[in-house]
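Beneath this line is the structure, given in structure tokens, with notes to follow.
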There are 4 protein chains.
Amino acid sequence: MQVILDLCLVPLGVGVSVSEYVAECHRVLQEKGLSHQLHAYGTNIEGEWDTVMAAVKQCHERVHALGAPRITTTIKLGTRIDRDQSMADKVHSVEVKLS
Amino acid sequence: MQVILDLCLVPLGVGVSVSEYVAECHRVLQEKGLSHQLHAYGTNIEGEWDTVMAAVKQCHERVHALGAPRITTTIKLGTRIDRDQSMADKVHSVEVKLS
Amino acid sequence: MQVILDLCLVPLGVGVSVSEYVAECHRVLQEKGLSHQLHAYGTNIEGEWDTVMAAVKQCHERVHALGAPRITTTIKLGTRIDRDQSMADKVHSVEVKLS
Amino acid sequence: MQVILDLCLVPLGVGVSVSEYVAECHRVLQEKGLSHQLHAYGTNIEGEWDTVMAAVKQCHERVHALGAPRITTTIKLGTRIDRDQSMADKVHSVEVKLS
């Protein structure tokens with residue numbers, strides 16, 4: 001089952017700056033070879049469900065290992081069985097309607 | 001790693017009523033023996049990360065099997081390594097501040 | 001336009017304990033006379049769109065005033081024009097399917 | 001109070017394709033003159049709190065007017081009083097850590 005997932009991980013107890021921890025998550029996604037795209041309020045990821053979810057778990061483990069005692073994460077995720085759809089397809093289909 | 005997770009699964013392409021699909025997710029949680037609590041905009045679940053995430057995956061599989069061609073899900077999830085905290089602890093600690 | 005909204009406000013830069021700030025939000029909701037229900041990962045609120053959204057804004061203002069330099073909030077919100085539906089209706093309609 | 005907001009509006013009861021409704025939201029944002037950026041699981045918006053929230057309300061009104069009987073929306077939003085920060089700043093500060 002393919003999934004498109006929007007990940008927004010927020011470490012607590014480490015002050016107001018969180019970019020160092022978001023960067024660590026990007027290293028995890030790069031190591032896993034997952035297609036991903038950073039935006040201003042999270043990171044979009046696509047891939048096989050188990051691979052993507054293993055990466056999300058590893059993000060939590062690595063951010064805790066960097067010193068964050070507590071993490072709260074917001075995820076949006078979509079699956080569909082009627083047809084294949086990539087992250088690029090989703091953006092493209094809105095852009096077509098707007099042009 | 002223990003997790004407290006808020007699950008809000010929304011099937012698309014099946015009309016405006018979604019309670020049948022939410023009920024199916026509750027059957028999954030009951031089968032897995034996971035502690036959970038329904039509220040007006042989702043379901044709180046607590047347990048070991050892998051068990052909880054396996055349940056979330058099964059919710060998607062079972063809701064697709066019931067006929068939903070597309071699903072979009074919003075999840076909030078929290079982990080902490082500084083101390084144990086249950087769902088009841090979280091609610092209690094706010095109530096104490098209010099009393 | 002009526003709305004049912006799930007509010008999860010997270011102050012950053014104030015350490016790992018957030019219950020004091022969640023309690024302040026509940027005081028705002030009580031002052032506004034809005035029907036609301038605390039759960040383990042947020043607070044459900046129902047009411048007229050403008051009243052509910054004014055309360056959400058005031059939660060941010062009051063939590064900043066308490067000393068939080070940064071806040072990240074996750075909201076789920078639902079509107080429908082086909083029929084009236086309360087928070088209690090939503091929970092009840094799942095419980096009926098499960099019984 | 002400035003806000004950075006991630007908007008993901010999902011119409012229910014209109015089938016599996018939602019891009020027409022997302023496009024309508026983009027027209028609202030353009031009409032309001034709000035800086036915004038579409039991504040694969042939502043749209044990032046920045047601006048003054050009241051202007052951004054008025055746009056979110058108008059998105060719901062316009063999507064209902066297009067025929068959607070029910071809408072569920074997920075929002076992430078951030079405010080800070082310690083310093084100014086734009087959407088571009090947030091992305092840039094992660095990219096610097098990764099380079």
Side-chain angles (χ1 to χ4, degrees), chain B residues 2-10 15-31 35-47 52 63 66 72-99, chain C residues 2-10 15-31 35-47 52 63 66 72-99:
Chain B
Q2 291 288 306
V3 66
I4 295 180
L5 185 148
D6 178 66
L7 175 69
C8 178
L9 181 153
V10 178
V16 292
S17 180
V18 304
S19 56
E20 172 188 352
Y21 304 92
V22 176
E24 184 70 4
C25 294
H26 276 252
R27 286 181 205 107
V28 169
L29 298 173
Q30 282 158 354
E31 290 165 17
S35 175
H36 62 285
Q37 182 64 47
L38 177 67
H39 62 80
Y41 224 125
T43 300
N44 296 143
I45 311 165
E46 66 186 348
V52 172
V63 169
L66 274 184
T72 185
T73 288
T74 300
I75 287 171
K76 292 175 286 193
L77 65 89
T79 57
R80 56 193 309 172
I81 57 172
D82 55 338
R83 66 178 182 90
D84 290 339
Q85 187 184 41
S86 68
M87 299 193 296
D89 292 336
K90 289 185 72 176
V91 170
H92 180 69
S93 86
V94 175
E95 288 174 341
V96 165
K97 301 288 195 305
L98 286 171
S99 66
Chain C
Q2 291 287 306
V3 66
I4 296 179
L5 185 148
D6 178 66
L7 175 68
C8 179
L9 182 154
V10 179
V16 292
S17 180
V18 303
S19 56
E20 171 188 353
Y21 305 92
V22 176
E24 184 71 3
C25 294
H26 276 253
R27 285 181 206 108
V28 170
L29 299 173
Q30 282 158 355
E31 290 165 17
S35 175
H36 61 284
Q37 181 65 47
L38 176 68
H39 62 80
Y41 223 126
T43 301
N44 296 144
I45 312 166
E46 67 186 348
V52 173
V63 169
L66 274 182
T72 185
T73 289
T74 300
I75 287 172
K76 294 177 285 192
L77 64 90
T79 58
R80 53 193 311 172
I81 57 172
D82 55 338
R83 67 179 181 89
D84 290 339
Q85 187 184 40
S86 68
M87 298 192 297
D89 292 337
K90 290 185 72 175
V91 169
H92 180 69
S93 89
V94 175
E95 288 175 342
V96 166
K97 301 288 195 306
L98 285 171
S99 67

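Throughout, protein chains are lettered first and strands after them, A, B, ... in sequence-line order, and every chain is numbered starting at 1. When reading the values below, keep in mind they use all heavy atoms of this one structure, side chains included, and skip hydrogens, waters and symmetry mates.
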Chain B heavy atoms under 4.5 Å from C:N44: which part of the residue, side chain, backbone, both or neither?
side chain

Donor-acceptor under 3.5 Å (C:Y41 side chain, B:L77 main chain)
yes

Indicate the atoms forming the closest heavy-atom contact of C:E95 with B:L38, along with that distance.
CG-CD2, 4.1 Å

Which bit of C:D82 is near chain B, if near means a heavy-atom gap under 4.5 Å: side chain, backbone, both or neither?
side chain

B:T43 vs B:H26, side chain to side chain contact (heavy atoms under 4.5 Å, CB included): CA-CA, chis, key distance, verdict:
CA-CA 9 Å; B:T43 300; B:H26 276 252; 2.8 Å; yes

Would you be so kind as to tabulate the donor-acceptor pairs closer than 3.5 Å made by side chains of residues 15-24 of chain C, with sequence neighbours excluded?
residue: C:S19; atom: OG; partner: B:K97; partner atom: NZ; Å: 2.8
residue: C:E24; atom: OE1; partner: C:R27; partner atom: NH1; Å: 2.7
residue: C:E24; atom: OE2; partner: C:R62; partner atom: NE; Å: 2.8
residue: C:E24; atom: OE2; partner: C:R62; partner atom: NH2; Å: 3.2

Greater than 12 external heavy atoms within 6.0 Å of B:Q85's CD:
yes

Out of C:A88, C:S86, C:G78, which one racks up the most heavy-atom pairs below 4.5 Å with chain B?
C:G78

Look at C:D6, C:T74, C:D89 and state which one has the largest set of heavy-atom pairs under 4.5 Å with chain B.
C:D6

As an exercise: rank C:Q37, C:K90, C:K76 by heavy-atom pairs under 4.5 Å with chain B and give me the winner.
C:K76

